[in-house]
Amino acid sequence: MEAVPKLIVFSAPSGAGKTTLVRHLLKQEHLNLAFSISAASREPREGEIDGVHYYFLGIPEFKNRIRANDFLEFEEVYKDQFYGTLKGEVERLWSEGKNVIFDIDVVGGLRLKSKFPERCISIFVKPPSINELQKRLKKRKTESAEKIAMRVAKASTEMATAPQFDVIIKNDDLEIAKKEAEQIVQDFINKKVTSSEK
Ligand code: 5GP
């Protein structure tokens with residue numbers, strides 16, 4: 001029987017290191033992963049490319065796509081900042097036989113897991129502490145002080161959702177976290193899934 005493509009969801013508070021882990025996994029060819037490019041209503045940051053990092057839609061177009069029922073899940077992650085997974089994006093990657101990896105917020109992550117209980121693994125990346133998270137966001141210099149404060153404030157509620165995930169990876173030491181992530185994803189991909197969840 002042909003292997004059923006899997007969904008690998010990485011969720012975490014902003015600054016926990018999930019994007020670094022996802023990028024690391026994408027380089028491991030044997031995992032046969034492809035990144036689900038999300039839609040976002042925000043402006044691109046310096047160096048971000050439309051159709052590579054996100055589909056940058058702007059708010060009016062994002063709302064049109066909500067009305068058209070084009071999303072598998074979407075969230076207003078921060079005020080006036082919408083993010084979502086397009087159905088067409090996942091279908092495109094599945095048709096290529098890829099396992100799809102997601103870098104999405106905790107609510108979206110849990111929603112995908114509930115839609116695909118068998119073929120999806122939900123992984124929560126836990127930063128060492130909220131303090132450390134704040135330091136990392138400041139060092140990253142991609143957000144204004146106000147936006148950093150907003151992300152840090154949200155982090156505590158996001159941390160509280162960790163027990164609802166299938167697996168928690170503690171990101172105290174990045175090299176250890178990378179190895180752990182590789183093993184978890186490899187094991188899940190090898191697992192036989194018979195269901196035809198669509
Ligand atoms: P950023 O603005 O830093 O790129 O992303 C902000 C947050 O939105 C991150 O937690 C990111 O994982 C989340 N996010 C990105 N894409 C999606 C998506 O498609 N759906 C949901 N629910 N969250 C997303």
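Order of appearance sets the numbers: ligands from 1, and atoms from 1 within every ligand. All values derive from a computational prediction rather than experimental measurement. Any value given below was found using the heavy atoms of this structure, including those in side chains, with hydrogens, waters and symmetry copies removed.
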SB check D70 K87 (cutoff 4.0 Å):
no
Only heavy atoms of G84, strictly under 4.0 Å: list the atoms of ligand 1 that pass.
18 (C), 19 (O), 20 (N)
Among protein heavy atoms, which lies nearest atom 7 (C) of ligand 1, and at what distance?
V77 CG1, 4.0 Å
I need the contact type for K154 against ligand 1. Using non-hydrogen atoms and a strict under-4.0 Å cut-off, is it side chain, backbone, both or neither?
neither
Are any of the N/O atoms on Q81, whether in the backbone or the side chain, positioned under 3.5 angstrom from an N/O atom of ligand 1?
no
Applying side-chain contact (heavy atoms from CB on, under 4.5 Å) to F124 and F10, what does each step give before you reach the verdict?
CA-CA 6 Å; F124 185 92; F10 273 79; over 6 Å; no
Would R45 count as a contact of ligand 1 if the rule is a heavy atom under 4.0 Å away?
yes
Which protein heavy atom lies closest to atom 24 (C) of ligand 1, and at what distance to 0.1 Å?
Y83 CB, 3.4 Å
Near E73, which atoms of ligand 1 are under 4.0 Å from a heavy atom of that residue?
18 (C), 19 (O), 20 (N), 21 (C), 22 (N)
Quick check: does E75 get an N/O under 3.5 Å from an N/O on ligand 1?
no
Just checking, any donor-acceptor pair under 3.5 angstrom between side chains of E76 and Y78?
no
Give me the nearest non-hydrogen protein atom to atom 10 (O) of ligand 1 as residue plus atom name, then the distance to 0.1 Å.
K18 NZ, 3.3 Å
Per-residue contact class, R111 against ligand 1 - non-hydrogen pairs under 4.0 Å
neither
One thing to verify: whether E182 and K178 come together as a salt bridge, which I'm taking to mean a side-chain N less than 4.0 angstrom from a carboxylate O.
no
If we ignore angles and hydrogens, is there a donor and acceptor under 3.5 Å between the side chains of T85 and E73?
yes
Region of F74 engaging ligand 1 - heavy atom pairs below 4.0 Å
neither
Does some side-chain heavy atom of S41 sit less than 4.5 Å from a side-chain heavy atom of K63?
no
Sub-3.5 Å donor-acceptor pair from the side chain of N171 to the main-chain atoms of A16, do we have one?
yes
Carboxylate-amine/guanidinium proximity below 4.0 Å for E118 and K113:
no
Sub-4.0 Å heavy-atom contact, Y54 with ligand 1
yes
Trace of the side chain to side chain donor-acceptor pair (under 3.5 Å) decision for N99 with K6:
CA-CA 5 Å; N99 297 305; K6 305 266 176 45; 5.9 Å; no
Are the side chains of L133 and P13 in contact, using a 4.5 Å heavy-atom criterion?
yes
If the cut-off is 4.0 Å to any non-hydrogen atom of R151, which atoms of ligand 1 fall inside it?
1 (P), 2 (O), 3 (O), 6 (C)
Strictly under 4.0 Å, does any heavy atom of V107 approach an atom of ligand 1?
no
Considering only non-hydrogen protein atoms, determine which one is nearest to atom 23 (N) of ligand 1 and report residue, atom name and distance to 0.1 Å.
D105 N, 3.1 Å
Would you check the N or O atoms of E48, main chain and side chain alike, for any that come under 3.5 Å of an N or O of ligand 1?
no
F71 and F62 aromatic centres sub-6.0 Å
yes
Tell me the nearest of S38, G108, A39, A12 to atom 19 (O) of ligand 1, using heavy-atom distances.
S38
